[in-house]
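First the structure, in the form of structure tokens, and then the observations on it.
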Amino acid sequence: MAYKAPVRDLTFVLNEVLEIDRYANQPGFADVSSDLVGQILEEGAKFAEEVIAPLNRIGDQEGCKWVDGKVTGPTGWKEAYKAMVEAGWPALSALPEHGGQGMPAVVAMAFGQMTAAASAAFSMYPGLTAGAYRGLNANGSDEQKAMYLPKMATGEWGGTMNLTEPQCGTDLGLIRTKAVPNGDGSYNITGQKIWISSGEHDFTDNIIHLVLARIEGAPEGIKGISLFVVPKVFVNEDGSLGERNAGAACGGLEHKMGIHGNATCVMDYDNARGWLVGTENKGMAAMFVMMNEARLGTGLQGLSIGAAAYQAAVEFAHDRLQGRSLTGPKSPELPADSIMVHPDVRRMLLEAKAFVEGGQAFILWTALQADLQHSNDEAEAQKARDYMGLITPVVKAYLTDKGFHVASLAMQVHGGSGYTEHFPASQYLRDARITMIYEGTNGVQALDLVGRKLPANGGRAIMSWFADIDAFVSENGAEGPIKPYVDGLVDAKKKLQEGTMWLMQNGMQNPDNAGAASTDYLHIFGLTALAYMWAQMAKAAQAQVDAGSTDPFYANKLMTGRYFVERILPDTGAHLAKLKTGADVLMAMPAEAF
């Protein structure tokens, strides 16, 4: 199976749904036209299809190798990474002052969907570097930015985020890695970090680790954590590379279920020299820049793996001959019809297609909000910031959940063939599963949504979200071809409001109620978000049909959206019913009864 980047779907969302040409007056958009974006994505598609995609299976089969602290990637990966850097792709959205191209996040996220689908494991190397770049840019000193960011922007140097330790994952207040000041502005960092993606490899000359540690004497818990920059190789004042940071070493590789091509490292710090980033004991706030970037990237990754799995399932369904159509043979000249004639196979493929295309739009809509945070209009900027806070856990959790679901559907379409390693379905399913876990498990994301993001600023973000949907419905809800899509959005939004009110009334008096309801609430939110995207896509597609277009792309888009409204959106009712049962049945069971 040869991966094909969905350029038409992405440009449809960018140009006809989001209408990015309307944002020419916004910071970062002055030189961005729909024509330029189209050219970028066409070239990006070629790179994803021709350079990255062929590596995916090799990476899964070979994995990375660790020998005496040194890690080598799978065959061909180092050369492909070099080609990516030379082509300028890692620098797409980096700042011009660091050698970047300064493209908006919405463009970078469109390109990112293609690379993550081509090979999720490969895309993690530049992805982690981009997160570290933004974290250091937001919190580092001028000296640190000048020293590290230009080479990180281009991808010539790698970057990582070091949080987790053997005794603590989500609860970072339990970290034991310590930092001892040397008296010259540097610190000696000692401790062990685990599950560090891209922590060591042979693709770049240097890797810039951003490490959470506790300065001796700092307060216990989250309030005593600081962030440090710990380079693999020291950088001289003239920018050249100096000696190895001997105390920073990869102690081994994790043996994982999937994403074998990415080096997931145990990092051992033994008096490694590092430098404070930002303010003492404010490390978590600084790291959140990277964590939020990674959460959005993980949502993109999960959905994109699903997109690739869907493509593989479609190709298999067209080729696989099995049985006859229930309404009579469709290919009488062949010994059997393709399985595309069977309603249940079409159910699985349409469900996958509806989640993939709705999710692709949701990612780009969210990326546009990331860009609008920098708007010259403070009200617009504030709303975008509110949305980024509210929506990030939904993007991470809902899209990874559905990306895995799509990969599972794709395996089912393959039948027994999908359960073997002769077809790609197995790898997609294994690769997708981690996205629901790392960067904060999906249950933690749901808790973050209902516990922090929903009540923030008196619920300002969710009220704004409801108001935007109401405005869209008011403008587009009249009788006409897109009314079913708008009606579906109205019903989903009503259930989301009802769930929100239930949480306000029951979550405060008993926090377990909020915890018990959180995952179902997040799924109602995700369904409402995709309903909003499908209503907007239906409006744009129907406008083309009304204008006389006979391009099947638009008719197919409308049919896919119709499937979403008729056969997926009703799930909001089930989630709402479960949400309202509260915590009683969950918390009454004695722990020893499990």
Side-chain angles (χ1 to χ4, degrees), residues 95 98 128-149 152 159-165 167-193 196 208-231 245 248 267 269 271-297 370 373-374 381-382 385-386 388-390 392-393 396 439-440 444-445 447-448 451-453 455-457:
L95 295 172
H98 302 138
L128 267 295
T129 302
Y133 165 86
R134 297 194 196 290
L136 201 51
N137 186 55
N139 299 285
S141 66
D142 290 343
E143 182 183 16
Q144 289 169 343
K145 292 178 188 179
M147 180 175 289
Y148 300 116
L149 294 188
M152 294 175 73
T160 70
M161 47 193 288
N162 286 234
L163 293 82
T164 306
E165 300 181 6
Q167 78 287 348
C168 72
T170 302
D171 189 355
L172 291 169
L174 299 175
I175 69 168
R176 297 174 184 159
T177 299
K178 65 179 182 179
V180 179
N182 289 320
D184 60 356
S186 70
Y187 291 75
N188 279 354
I189 311 296
T190 300
Q192 186 180 76
K193 300 290 184 177
I196 308 306
I208 311 305
H209 303 291
L210 293 179
V211 183
L212 289 181
R214 194 185 308 278
I215 298 173
E216 284 191 323
E220 292 298 311
I222 291 291
K223 294 181 179 179
I225 296 175
S226 299
L227 181 64
F228 298 87
V229 57
V230 184
N245 193 349
M267 295 300 299
Y269 296 98
N271 287 322
R273 282 182 68 204
W275 288 263
L276 182 69
V277 176
T279 307
E280 277 190 24
N281 304 330
K282 301 295 183 183
M284 282 305 300
M287 185 62 93
F288 259 110
V289 175
M290 281 175 283
M291 291 169 69
N292 284 332
E293 176 107 357
R295 286 169 179 174
L296 292 171
Q373 292 180 107
H374 310 294
Q382 183 188 75
R385 288 193 293 270
D386 286 349
M388 289 304 293
L390 181 69
T392 293
K396 193 281 176 186
E439 304 310 334
V444 168
Q445 301 300 324
L447 282 174
D448 181 44
R452 289 199 190 104
K453 304 304 172 59
N457 302 305

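Along the sequence shown, residues are numbered consecutively beginning with 1.
A 4.5 Å side-chain heavy-atom check between Met267 and Gln192 finds every atom pair outside the cut-off. Two residues are said to be in side-chain contact when any heavy atoms from C-beta on lie closer than 4.5 Å; Thr190 and Val180 fail this criterion. A heavy-atom distance below 4.5 Å is found between the side chains of Asp184 and Arg273. Two residues are said to be in side-chain contact when any heavy atoms from C-beta on lie closer than 4.5 Å; Gln445 and Thr392 fail this criterion. Put simply, the side chain of Arg385 reaches to within 4.5 Å of the side chain of Gln382, judged on heavy atoms. Between Leu163 and Met291, some side-chain heavy-atom pair lies under the 4.5 Å cut-off. You'll find the side chain of Glu165 stays beyond 4.5 Å of the side chain of Leu212, heavy atoms only. Considering only heavy atoms from C-beta on, Met287 comes within 4.5 Å of Met290 through its side chain.
Considering all non-hydrogen atoms of both residues, Gly274 and Val230 come closest at CA-CG2, 4.0 Å. Here the shortest heavy-atom pairing between Leu227 and Ala286 reads CD2-CB, 3.7 Å. The two residues Ala370 and Gln373 have their closest heavy-atom pair at O-NE2, 3.2 Å. The two residues Ala272 and Ala248 make their nearest non-hydrogen contact at CB-N, 3.7 Å. When all heavy atoms of Ile208 and Pro231 are compared, the pair lying nearest together is CD1-CB, 4.0 Å. Residues Ile189 and Ala179 approach most closely at CD1-CB, 3.6 Å, considering heavy atoms.
With hydrogens and angles ignored, the 3.5 Å screen pairs no side-chain donor or acceptor of Asn139 with any backbone N or O of Val277. For Glu280 (side chain) and Ser226 (main-chain N/O), no donor-acceptor pair under 3.5 Å exists by modelled atom type. Looking at Gln144, its side chain does come within 3.5 Å of a backbone N or O of Leu276 through a donor-acceptor pair. When atom types are taken as modelled, the side chain of Arg214 and the backbone of Leu174 share no donor-acceptor pair closer than 3.5 angstrom. Judged purely by atom type and a 3.5 angstrom limit, Asn137 has no side-chain atom pairing as donor or acceptor with the backbone of Tyr133. Looking only at distances, a side-chain donor or acceptor of Lys453 sits under 3.5 Å from a matching main-chain atom of Gly389.
Taking OG1 of Thr160 as the start and CG of Leu128 as the end, the distance is 7.0 Å to the nearest 0.5 Å. Note that the CD atom of Gln167 and the CZ atom of Arg176 stand 4.0 Å from one another [nearest 0.5 Å]. A distance of 8.5 Å separates CD1 in Ile196 from CE in Met161, rounded to the nearest 0.5 Å. Note that CD1 of Ile225 is 9.5 Å distant from CG of Asn281, once rounded to the nearest 0.5 Å. Residue Leu390 holds its CG atom at 10.0 Å from CG of Asp448, rounded to the nearest 0.5 Å. Here the CG-OG1 distance, from Leu172 to Thr177, works out to 10.5 Å after rounding to the nearest 0.5 Å.
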Arg295/Phe288 under side chain to side chain contact (heavy atoms under 4.5 Å, CB included): CA gap, chis, key distance, verdict | CA-CA 10 Å; Arg295 286 169 179 174; Phe288 259 110; 3.8 Å; yes
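Phe228 pairs by the ring-ring contact (aromatic ring centres under 6.0 Å, His included) definition with Tyr187, not counting sequence neighbours.
Summarising the local packing, CD of Glu143 is surrounded by 12 or fewer heavy atoms from other residues, nucleotides or ligands at distances under 6.0 Å.
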